[in-house]
Structure formats: C-alpha cells, structure tokens
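Predicted model only: the values in this text are computed from it and were never measured. The basis for the numbers below is simple: all heavy atoms, side chains too, and nothing from hydrogens, waters or symmetry mates. All residue numbers in this chain count up from 1 along the given sequence.
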Amino acid sequence: MNGIVLIIDDEKKICSLLSRIIELEGFKTLQANTGKEGVKLLKTNEVSIVISDVKLPDVNGVALVKDIKALKPFVEIINLTAYGTIADGVLAIKNGAFDYLVKGDDNDKIIPLLYKAMDKANLQQRVFELEHKVARKHSFATIVGQSKALKEAIDLAKKVSQTDTTVLLLGETGTGKEVFAQSIHYESPRAMKPFVALNCSGFSPELLESELFGYKAGAFTGANKDKKGLLEEANGGTLFLDEIGEMNLDLQAKLLRVLENQSFIKVGDTHTQQVNVRILAATNKDLKTDAASGKFRSDLYYRLSVFSITLPPLRDRKGDIPALAKFYLKEFSDKVNRTAIEMDDKMLSVLAEHSWKGNIRELKNVIERLVILSDGNTLNPSALPPEFFEFTPMENNYNLQQIEKQHIQKVLIHTKGNKTETSRLLGIGLTTLYRKIEEYQIKEL
C-alpha cells in the first residue's frame with residue numbers, strides 16, 4: 001500500500017470516483033463530505049495526503065489547509081475547485097497546500113501529482129524521525145554518571161534549556177562541554193532547528209570572523225562569491241562557541257552586537273543582517289580574571305555569563321569512571337564489530353585511580369585504543385599503554401617495563417610491522433620506537 005489519501009468533497013459522486021481512481025494505484029482512501037468530518041478522520045488515521053474541494057458546506061477549503069497543517073504538519077494537501085482564481089491559488093500555496101487544481105483539468109494531473117505529494121510527505125516524515133533520533137541521542141538522559149557534582153550541573157542545564165538565555169559552560173578541557181551544549185539545544189524549543197558548533201581556537205582572527213559572519217564576494221583575495229557564515233547557518237537554532245576565551249578583542253565587540261540585538265554585518269558588506277540565534281559558549285579559562293585584566297571584554301563576559309554552569313573534572317567524580325569506561329567500551333566495540341569485551345575488577349580499579357588530566361576525552365581515547373589493540377575478551381591492566389602509568393601508582397605485581405614491551409609488541413602486530421604507523425599509534429617518535437625495540441629485544445615481524 002502506498003499510503004492513505006483523505007478526500008474531502010460535498011459531492012459524493014466525485015468522492016467515489018476519485019476514490020476508485022486512486023485505489024487502483026495502490027493507495028487506501030478515506031472520504032468525508034465536510035471539513036469537520038475530514039478533520040475528525042485526520043485525527044484518527046495516519047493520512048499522508050488530503051485532496052480537498054475549495055467549496056465545502058462548513059468551511060473554505062483554502063482556509064482548511066492552514067488548520068490541517070497545524071494539526072498534521074507533514075500531511076500534503078491538494079486543493080480542487082470548479083472555478084479557480086489566481087488569488088485562491090496563491091493563498092492555498094501560502095497556507096501550505098502542495099498544489100491547487102481546477103476540476104476538469106485534473107484528470108491527467110491528479111495521479112502524477114499524488115505520487116509527488118506522497119514522496120514529499122514520506123521524505124518529511126523520515127527527516128522528522130531522524131531529527132528526533134538525533135535529539136534523543138543528545139538528550140540529558142544519555143549523559144553517563146551519578147555523581148553529585150554532575151547531577152547538579154545537569155539540573156541547572158535542564159532548567160536553562162527551556163529558555164533562550166545565553167549560557168557559559170566552564171570547566172577543564174575534555175569535561176564534556178560540547179555534550180552539555182548539545183543537550184541544552186536538543187531539549188530546548190529550538191531542538192528541530194540547527195545546532196552549529198565552532199571552535200574559536202582553531203582559526204586565525206581573520207578566518208574566524210569569516211567563518212562566524214560570512215563574507216561578500218570581493219571582500220578579500222579569493223572571495224569569489226558570497227559565503228554564509230555560521231550565524232546564518234544556525235538561524236532559528238543554536239550557535240555553540242567553544243574556547244570563547246581565544247577570540248580576539250575586535251571580534252568580541254562584533255559578537256557583543258549579536259548578543260545585544262541579533263544583528264551582524266558580513267565581511268566586506270555594509271548592510272546589517274538580522275538573525276534569531278541562541279548563543280552557548282564554553283571555555284577552560286578564567287574569563288572573570290581575564291576580563292579584569294583586559295584580556296577579555298568585560299561587557300561581553302557579563303553578557304555571556306548571565307547563566308554559567310561549571311562541569312566537574314573526572315578526578316572529582318571517580319565513582320562515575322567505571323560506568324563511563326563500560327559505556328565507551330561498548331560503543332567502540334560495536335563500532336568495530338567486536339564481540340562483547342569486558343574489563344576485570346582490577347582494570348576498573350586502575351582506571352578509577354588514574355588522574356585523568358585529559359578528563360573524559362582522555363578516557364575515550366584510552367578505551368578506543370584498547371578495543372583496537374586487545375586480543376582477548378577480558379581487559380586487565382596489562383593491556384594499558386605504558387604512558388598511562390606515568391601518573392598512576394602501580395602495585396608491585398605490575399612491572400612497567402614488561403607492560404611497555406607487551407604493548408609495543410601488540411601495536412607492531414596490529415600494524416603488521418609498520419614502524420611509522422606503530423610510532424603514531426603509540427604517540428612516540430620513530431627513533432624512540434627503534435630504541436625501545438632494541439632495548440626490549442623485540443623480534444622483528
């Protein structure tokens with residue numbers, strides 16, 4: 001079955017005729033003789049397309065389009081009329097109708113039009129489902145951890161997510177600031193609009209301005225055509241500015257204008273553009289101190305920090321580490337189609353006692369490498385890379401040199417003896433790798 005088509009027409013013969021023609025194409029049809037009957041059927045059935053007469057006993061079919069769209073946004077409507085006017089046609093399309101046909105001209109057009117409308121309805125439904133899947137993936141419920149500090153941060157974020165208030169996320173590198181920003185966006189009224197992220201430390205001041213505001217053709221050498229900036233891309237949604245403390249003072253002044261009146265000027269342009277964007281920002285710097293010393297604009301700091309949330313470092317939520325480790329272990333195992341891998345209790349204990357200077361990002365990297373390089377289905381501390389133990393107290397039964405030798409051997413096997421790739425995976429220089437191979441008498445593959 002191709003889908004359900006609702007026909008609304010006060011002439012029963014026309015309803016029956018259209019129904020027979022449409023059902024021959026594999027569609028299911030429903031019939032109504034008034035707008036009220038049609039809306040009732042619409043509420044209780046998974047209708048994809050409505051074919052509605054303009055002249056109905058209780059309502060104008062053109063006006064009905066707006067009501068149907070408000071009730072079921074992804075339903076496509078085709079208006080039919082005996083006496084078409086340009087004004088009615090324009091209004092029908094403006095109200096959200098897929099098309100507007102004059103009876104008598106519709107015989108050869110209705111079926112091809114029906115298929116086009118169905119394609120659009122199905123596409124919109126798939127996009128809607130995909131957007132909701134993305135929203136669920138980034139909801140607060142997906143943030144792993146039960147520590148008091150984390151729960152307090154989540155509670156604050158949930159409250160502010162329902163507003164349009166600017167939020168400043170504070171915390172060390174790798175604590176999950178972008179994850180929080182995504183959750184705030186996807187649990188806000190802007191959830192079905194774009195979420196756009198920009199790392200301010202990844203661009204020179206000139207490039208950052210172009211990325212943020214866009215530019216006009218001819219603004220500088222190489223600007224051959226107009227380019228949208230990320231502010232425009234995020235229009236209606238949320239713009240997340242990571243490492244906001246790295247933005248230079250001139251650009252900060254322009255960002256302040258966006259925060260104050262939702263307007264900006266493209267590079268090389270003279271005209272002001274309006275946007276509707278919520279700004280979320282993050283930093284691992286002490287912006288309050290930087291503002292006091294003049295390194296960061298104080299007016300921008302106070303505008304950004306209307307609502308600030310500090311995310312705890314991983315070392316302050318040690319109880320969450322085993323759950324996080326298991327979560328990422330499953331995620332990376334699934335990604336490479338590995339059978340279920342587990343960690344023994346000693347491994348979980350070692351992970352919990354690690355300093356985690358890189359926070360969650362470091363934990364993710366360690367787990368990903370373990371999944372790639374591990375041979376068995378149970379991980380113990382001997383599987384950890386040697387550099388892991390530089391800041392972690394070790395018990396006597398774990399010999400650092402032996403662990404380092406085993407780890408280098410595993411990586412060499414994984415890379416089939418490719419020393420350049422091995423040194424890259426280990427994060428050491430090629431000369432260091434050769435020295436270690438000689439020192440530990442590791443056999444060449």
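With hydrogens and angles disregarded, a donor-acceptor distance shorter than 3.5 Å links the side chain of Trp356 to the backbone of Leu351. Although no hydrogens or angles enter the test, the distance criterion places no donor-acceptor pair under 3.5 Å between the side chain of Arg338 and the main chain of Ser333. A donor-acceptor contact shorter than 3.5 Å is absent between the side chain of Asn380 and the backbone of Asp344. Judged purely by atom type and a 3.5 angstrom limit, Ser204 uses its side chain to pair as donor or acceptor with the backbone of Leu207. A side-chain donor-acceptor contact under 3.5 Å links Lys69 to the backbone of Pro73. A side-chain donor-acceptor contact under 3.5 Å links Asn261 to the backbone of Ser263. The backbone N or O of Glu353 lies less than 3.5 Å from no partner atom in the side chain of Arg315, so there is not a single donor-acceptor pair. Although no hydrogens or angles enter the test, the distance criterion places a donor-acceptor pair under 3.5 Å between the side chain of Thr44 and the main chain of Lys40.
What you find for Arg424 and Glu421 is that their closest heavy atoms are NH2-OE2, 2.8 Å. Of all heavy-atom pairs spanning Ile244 and Leu255, the tightest one is CD1-CD2, 3.7 Å. Leu379 approaches Ser374 most closely through the heavy-atom pair CD2-CB, 3.4 Å. Closest approach of Leu64 and Ser52 over heavy atoms only: CD2-OG, 4.0 Å. Taking every heavy atom of both residues into account, Gly145 and Arg317 meet most closely at CA-NH2, 4.1 Å. Closest approach of Ser188 to Ser161, counting heavy atoms only: CB-O, 3.0 Å.
Counted within 6.0 Å of CD on Gln441, heavy atoms from surrounding residues, nucleotides or ligands total 12 or fewer; the atom is thus considered open. No more than 12 heavy atoms of other residues, nucleotides or ligands sit less than 6.0 Å from atom CD of Glu46. Surrounding CD of Gln162 are more than 12 heavy atoms belonging to other residues, nucleotides or ligands, all under 6.0 Å away. The number of heavy atoms from other shown groups lying within 6.0 Å of CG (Asp345) does not exceed 12. Within a 6.0 Å radius of OH in Tyr302, other residues, nucleotides and ligands contribute 12 heavy atoms or fewer. At most 12 heavy atoms of other shown residues, nucleotides or ligands fall within 6.0 angstrom of atom NZ in Lys364. Heavy atoms of other residues, nucleotides or ligands lying less than 6.0 angstrom from NZ of Lys326 number 12 at most. More than 12 heavy atoms of other residues, nucleotides or ligands lie within 6.0 Å of NZ in Lys72, so this atom counts as buried by the packing criterion.
With hydrogens and angles left out, the side-chain atoms of His354 and Glu362 include a donor and acceptor closer than 3.5 Å. A donor atom on one side chain and an acceptor atom on the other are found under 3.5 Å apart for Ser147 and Asp320. Between the side chains of Thr272 and Arg257, a donor-acceptor pair is found at a separation under 3.5 Å.
Thr238 is not listed as a side-chain neighbour of Val196, based on a closest heavy-atom distance of 4.5 Å or more. Leu230 is not listed as a side-chain neighbour of Phe240, based on a closest heavy-atom distance of 4.5 Å or more. Side chains of Val277 and Ile279 form a contact here, defined as non-hydrogen atoms less than 4.5 Å apart. At a threshold of 4.5 Å between non-hydrogen side-chain atoms, the residues Arg297 and Met247 do not count as touching. Within the 4.5 Å cutoff, no side-chain heavy atoms of Lys405 are placed close to those of Lys436. The shortest distance between side-chain heavy atoms of Asn276 and Asn235 falls below 4.5 Å. When side chains are defined from C-beta on, Leu384 counts as touching Val350, because their heavy atoms get closer than 4.5 Å. By the 4.5 Å heavy-atom criterion applied to side chains, Cys200 and Leu208 are counted as neighbours.
With salt bridges taken as basic N to acidic carboxylate O contacts below 4.0 Å, none links Glu233 and Lys227. Contact check on Lys266 versus Asp269 returns no salt bridge, with no Lys/Arg side-chain nitrogen under 4.0 Å from an Asp/Glu carboxylate oxygen.
Applying side-chain contact (heavy atoms from CB on, under 4.5 Å) to Gln252 and the options Leu249, Leu256, Asp250 leaves one that passes, Leu249.
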**OP:** Apply salt bridge (Lys or Arg N to Asp or Glu O under 4.0 Å) to the pair Asp226 and Lys216, showing each step before the final yes or no.
**Re:** CA-CA 4 Å; Asp226 291 0; Lys216 295 290 289 182; 3.1 Å; yes
**OP:** List the steps, then state whether salt bridge (Lys or Arg N to Asp or Glu O under 4.0 Å) holds for Glu178 with Arg361.
**Re:** CA-CA 11 Å; Glu178 184 165 352; Arg361 187 176 298 147; over 6 Å; no
**OP:** Starting from the C-alpha separation in whole Å, work towards a yes-or-no answer on side-chain contact (heavy atoms from CB on, under 4.5 Å) for Phe220 and Ser210.
**Re:** CA-CA 10 Å; Phe220 49 83; Ser210 295; 3.9 Å; yes
Subject >> Worked check of side-chain contact (heavy atoms from CB on, under 4.5 Å) between Phe98 and Lys116 >> reply: CA-CA 9 Å; Phe98 183 77; Lys116 288 179 182 177; 3.8 Å; yes
**OP:** Please lay out, stage by stage, how Arg303 and Thr166 fare under the test side-chain contact (heavy atoms from CB on, under 4.5 Å).
**Re:** CA-CA 8 Å; Arg303 190 69 181 78; Thr166 302; 3.9 Å; yes
**OP:** Under the side-chain contact (heavy atoms from CB on, under 4.5 Å) rule, what do Phe203 and Glu211 come out as? Steps first, then yes or no, please.
**Re:** CA-CA 9 Å; Phe203 300 89; Glu211 285 293 312; 3.7 Å; yes
Subject >> Working for salt bridge (Lys or Arg N to Asp or Glu O under 4.0 Å), residues Glu172 and Lys285 >> reply: CA-CA 8 Å; Glu172 295 176 10; Lys285 289 189 168 186; over 6 Å; no
**OP:** Using the salt bridge (Lys or Arg N to Asp or Glu O under 4.0 Å) rule, take Glu209 and Lys254 through it: C-alpha gap first, then chi angles, then the decisive distance, then the call.
**Re:** CA-CA 9 Å; Glu209 183 175 5; Lys254 294 178 180 180; 2.4 Å; yes
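Between the CZ atom of Phe213 and the CD1 atom of Ile265 there is a distance of 9.5 Å, given to the nearest 0.5 Å. Atom CG of Asp290 and atom CG of Asp286 lie 6.5 Å apart (nearest 0.5 Å). In this structure, Leu287 CG and Asn284 CG are separated by 9.0 Å, a value rounded to the nearest 0.5 Å. Atom CD1 of residue Ile360 and atom NZ of residue Lys177 lie 10.0 Å apart, to the nearest 0.5 angstrom. If you take CG on Asn248 and CD on Glu246, they are separated by 11.0 Å, rounding to the nearest 0.5 Å. In this structure, Asp155 CG and Phe140 CZ are separated by 9.5 Å, a value rounded to the nearest 0.5 Å.
Under the 30°/60° scheme for interplanar angles, the aromatic rings of Phe195 and His185 are found to be tilted.
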